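Notes follow the structure.
Values in this document were obtained by computation on a predicted structure and should not be read as measured data.
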Amino acid sequence: MAINTIMKNKTYNVVSSEGSGGDGNSSSPPSSPRRQTSGFSQCRRRLRSKVQLQYFRKDSLAAGIFVRRNIQFLLLLFFLYFSGLMMCVGRFSDFLRHSREPIAIYKSHVLLEKLWHDIETDNSTALELSSVWQFKRRMKVQKPCPVLAARRRLGSVEGMSSGPAGYLIVEANGGLNQQRSAICNAVAVAGILNAVLVIPSFGYNSVWKDPSEFRDIYDEDHFIATLEGYVKVVAELPDELISKYDHNITNIPHLRVEAWAPAKHYLGEVYPVLQEQGVIRIAPFANRLAMNVPSHIQLLRCITNYRALRFSAPITTLAQKLVNRMIERSSMTGGKYVSVHLRFEEDMVAFSSCLYDGGDAEKSEMHSFREKGWKGKFKRKDLDFVAGRNRIDGKCPLTPLEVGMMLRGMGFGSNTSIYLASGKIYKGEQHLAPLLKMFPLLYTKESLATSDELAPFQGYSSRLAALDYTVCLFSEVFVTTHGGNFPHFLMGHRRFLFNGHAKTIRPDKRMLVGLLENMTISWKDFKDGMEAMLLESDRKGMMIPRVRKFNRKNSIYTFPLPECDCLQSHDSSRGINHTLKVLDPQLEATRGRVPVSD
C-alpha cells in the first residue's frame with residue numbers, strides 16, 4: 001500500500017512490501033504462485049550459500065587488511081614518482097626556456113672595428129648643438145599662482161593651533177640626490193604639520209661613505225632665509241628643549257612612518273604626537289611623503305628644490321670655474337657642450353650581473369667583487385644566461401664605447417666637447433680609449449680642475465657629485481645612460497630652467513643593443529636608428545604629465561611642471577633672476593646667462 005506523508009514541508013514516499021489481503025483497497029497485482037520444492041533441496045541450497053558467504057567474507061577481509069596496510073606505502077610511492085617527474089620536467093622546461101629565450105652577448109667592440117673606417121670617413125655635416133632640440137611648447141601658467149596663497153594656507157588646517165605645533169627632526173639618508181629628496185619632503189611635511197623644521201642631519205651611508213653635514217654641501221643661511229614665511233627652519237633645537245632629553249637626540253620620541261604616506265596620515269597620526277610631545281624625530285625619511293599632496297604643499301617642494309637648496313660656497317666657486325672651462329674648450333661649438341652621466345664604475349658593473357669583453361678574468365673579478373660587497377646575494381649559477389637576458393632587456397650599463405658610437409651615430413661631430421660625469425671607471429684606461437678616439441675633446445672634473453682645487457673634495461662623494469651635477473645642469477645636451485636619482489633630479493631641474501624641456505638624451509637601450517648585435521649592419525642604417533632615437537628623446541623631453549587635483553603619479557622632482565612653473569613666473573614678475581655669474585664677461589656673451597641655484 002502506498003502512503004504519502006508530508007512532514008515539516010518535506011515529502012516522504014513510503015511503499016509497503018506486503019501484498020493486499022483480499023478486502024483491502026490496494027490496487028497491487030496478486031502474488032505469483034510459489035514453486036513447489038522438496039525440503040532436502042532447500043537445505044542443500046542454504047548450506048551452499050552459507051559456505052560461499054563465509055569464503056566471500058574471508059576474502060573481503062583479507063583484501064581490506066592488505067589495502068589498509070599498504071595504502072600509505074602506495075601514496076608514498078605516488079608522491080615520490082610525482083615529485084621526481086616534476087623535478088625532471090622542471091629542469092627540462094628550464095633548459096627549453098633558456099634555449100628558447102633570446103640573449104645578447106657583448107660584441108660592440110667588434111662592430112666598432114668593423115665600422116670604424118666608415119665612421120672616420122663620414123663626410124656628412126655634423127649636428128650643430130644649437131639646433132639639436134626642435135620641439136617647443138608654449139607653457140600655460142597656473143592662474144592664480146599659489147605662491148602667495150601658500151603662505152596664507154600653511155597652518156590654517158582646521159583643528160591646528162595658530163602657532164607652531166612643535167619641532168620636526170628628520171634624518172636624510174642615501175647619496176646626494178636621495179638626501180635632496182628627503183630635504184624637500186621634510187619641508188613639505190613641516191608645512192603639513194605646521195612644525196618648526198630643524199636642519200636635517202645626514203645619515204652615514206656604507207656605500208657613499210661621506211661624513212658631510214648639511215652645511216658642507218648646502219648654504220645653510222640661504223636655506224633658512226629662503227623658506228622664511230613658508231616654513232620656519234632652525235639650525236638646532238632650543239637648549240631648554242634638548243636638555244629635557246639629556247642633550248641626546250636619540251632620546252627624542254622616534255616615529256616610523258610608512259613609505260609614501262599621504263598628508264592625511266601626518267595630520268591624523270603624527271600631528272597629535274607632535275602636539276603632545278613638542279618634538280618628534282622621523283628616521284629614516286626617504287620617500288616618506290606621497291607625490292599627491294595639496295598644491296600649496298607641493299609648492300613647498302618646488303621652492304625648496306629650486307630656490308632654497310643652493311650649494312655651499314666652496315662647491316659653487318669650483319663649479320663655476322668648471323662650467324667656464326668647459327665653455328672655453330667648446331669654442332668650436334659656440335660655447336656649448338654635451339654632458340654624459342656614465343655609470344660604468346666597478347660596483348655598478350658587478351651589481352648589474354652583466355658581462356663584457358673581459359672573458360673569464362672579468363667573470364672571476366666580478367664574482368669576487370659581488371661576494372665582497374653583497375655577501376650571498378648573487379647565488380644563481382646561470383649568471384651567463386642572466387647577463388645575456390639583462391643585456392637584451394636593456395638593463396646593462398652602457399660602456400664608453402657604446403656611448404661614443406651612439407653619439408656619433410646621432411650626428412655629433414668629433415669636435416664636440418664632452419663632459420663625463422662619473423666615478424672611477426672600471427678599467428678606465430682600457431674602456432675610455434674608444435670614446436676618446438671618437439671624441440678627443442673629452443673632459444672630467446679631474447682634467448678640468450687642478451689637484452689643489454680638488455683636494456678639499458677628495459673622499460667626499462656627495463661634494464664631488466655636486467660638482468658633476470652643476471656642470472651637467474648647464475650643458476646644452478645631457479645624456480643619461482643607466483637611470484638613478486642623479487639623472488632624474490637633473491632632468492627635472494633642466495625642465496624647470498629651460499622652459500619645460502629636459503634637453504636630455506635617454507637612449508632606448510633595447511633598440512640600441514639590437515643594432516649593436518647586428519654584425520652585418522651598415523653605418524648608414526645604424527645612423528638612421530640613432531637619429532630616430534634622438535628625435536624621440538627630443539619629443540619626450542617636452543612631455544608634461546597631465547596633473548589634475550590629487551592624482552599626480554610621476555615624481556615632481558623629475559617632472560616639476562606644471563606645479564613649479566608658477567614659481568618661475570612669480571620670480572619674473574618680481575624681477576628676480578637666479579643666475580650663476582660667468583667669470584669671464586666675454587664668455588657670457590657667447591654662452592648667454594647661466595641660471596643658478598644648483
Side-chain angles (χ1 to χ4, degrees), residues 167-193 195 197-220 223 227 231 233-237 248-262 265-266 270 274 279-291 293 300-301 304-305 308-312 315 343 345 347-348 351 373-375 377 423 457 459-466 468-469 482-490 492-493 555-558 598:
Y167 291 84
L168 173 64
I169 300 173
V170 301
E171 182 180 294
N173 52 327
L176 175 70
N177 290 285
Q178 189 172 338
Q179 290 173 343
R180 192 182 185 99
S181 170
I183 295 168
C184 296
N185 288 339
V187 174
V189 169
I192 294 172
L193 299 175
L197 177 65
V198 180
I199 288 289
S201 62
F202 290 167
Y204 182 80
N205 189 283
S206 59
V207 176
W208 297 99
K209 299 178 181 178
D210 189 337
S212 298
E213 297 181 0
F214 187 97
R215 67 176 66 91
D216 297 321
I217 298 176
Y218 298 106
D219 186 333
E220 190 173 292
F223 181 78
L227 291 173
V231 170
V233 183
V234 296
E236 55 187 16
L237 285 175
N248 188 346
I249 198 172
T250 60
N251 293 332
I252 294 174
H254 176 213
L255 296 182
R256 287 191 173 272
V257 179
E258 61 184 11
W260 308 110
H265 175 82
Y266 284 94
V270 179
L274 174 64
V279 58
I280 57 172
R281 181 169 60 96
I282 302 178
F285 197 72
N287 303 324
R288 287 304 185 269
L289 181 62
M291 283 298 157
V293 294
L300 289 179
R301 282 170 159 162
T304 305
N305 198 19
L309 286 176
R310 185 170 68 187
F311 287 133
S312 63
I315 294 175
R343 296 307 312 272
E345 302 89 350
D347 60 341
M348 180 57 66
F351 189 79
W374 302 280
K375 296 171 183 169
K377 183 177 178 65
F457 299 86
Y460 299 98
S461 59
S462 292
R463 301 183 206 184
L464 292 170
D468 282 338
Y469 186 98
H482 199 61
N485 286 318
F486 185 99
H488 289 161
F489 265 80
L490 200 54
H493 208 150
S555 169
I556 194 169
Y557 306 121
T558 307
D598 61 27

Sequence neighbours left out, what passes side chain to side chain donor-acceptor pair (under 3.5 Å) with [X]? Give chain and number order.
X: H482; result: K509
X: R281; result: none
X: E213; result: R215
X: R288; result: none

If the condition is ring-ring contact (aromatic ring centres under 6.0 Å, His included), which residues does [X] pass it with, not counting sequence neighbours?
X: F457; result: none
X: F285; result: none
X: F223; result: F214

Search all heavy atoms of [X] against all heavy atoms of [Y] and return the closest pair with its distance.
X: L274; Y: Y167; result: CD1-O, 3.5 Å
X: V198; Y: L237; result: CG2-CD2, 3.7 Å
X: L300; Y: A188; result: CD1-CA, 4.2 Å
X: K209; Y: P211; result: O-CD, 3.8 Å
X: A283; Y: E171; result: CB-CB, 4.0 Å
X: R463; Y: S212; result: NE-OG, 2.8 Å

Is any side-chain heavy atom of [X] closer than 4.5 Å to a side-chain heavy atom of [Y]?
X: Y266; Y: L289; result: yes
X: I280; Y: I252; result: no
X: N173; Y: Q178; result: yes

request  = For the pair D216 and Y460, evaluate side chain to side chain contact (heavy atoms under 4.5 Å, CB included) and give the outcome as yes or no after the intermediate values.
outcome  = CA-CA 10 Å; D216 297 321; Y460 299 98; over 6 Å; no

Output the distance between atom [atom1] ([X]) and atom [atom2] ([Y]), rounded to the nearest 0.5 Å.
X: H254; Y: I282; atom1: NE2; atom2: CD1; answer: 8.5 Å
X: M291; Y: I556; atom1: CE; atom2: CD1; answer: 7.5 Å
X: I183; Y: I217; atom1: CD1; atom2: CD1; answer: 8.0 Å
X: T304; Y: L227; atom1: OG1; atom2: CG; answer: 4.5 Å

Under the side chain to side chain contact (heavy atoms under 4.5 Å, CB included) test, residues paired with [X] that sit two or more places apart:
X: A465; answer: L176
X: A172; answer: Q179, A182, F202
X: A235; answer: E220

task = Please test R301 against V187 for side chain to side chain contact (heavy atoms under 4.5 Å, CB included), starting from the C-alpha separation and ending with a verdict.
result = CA-CA 7 Å; R301 282 170 159 162; V187 174; over 6 Å; no

task = Go through the structure and list residues passing salt bridge (charged side-chain N to carboxylate O under 4.0 Å, His left out) with D210, not counting sequence neighbours.
result = none

E236: partners by salt bridge (charged side-chain N to carboxylate O under 4.0 Å, His left out), with sequence neighbours left out = none

task = Using only heavy-atom distances, determine whether the side chains of Y557 and H493 contain a donor-acceptor pair under 3.5 Å.
result = no

ask   = F311 vs Y218 aromatic rings, parallel, tilted or perpendicular, using cut-offs 30° and 60°?
value =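 Ring orientation, 0 to 90° scale: parallel.
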
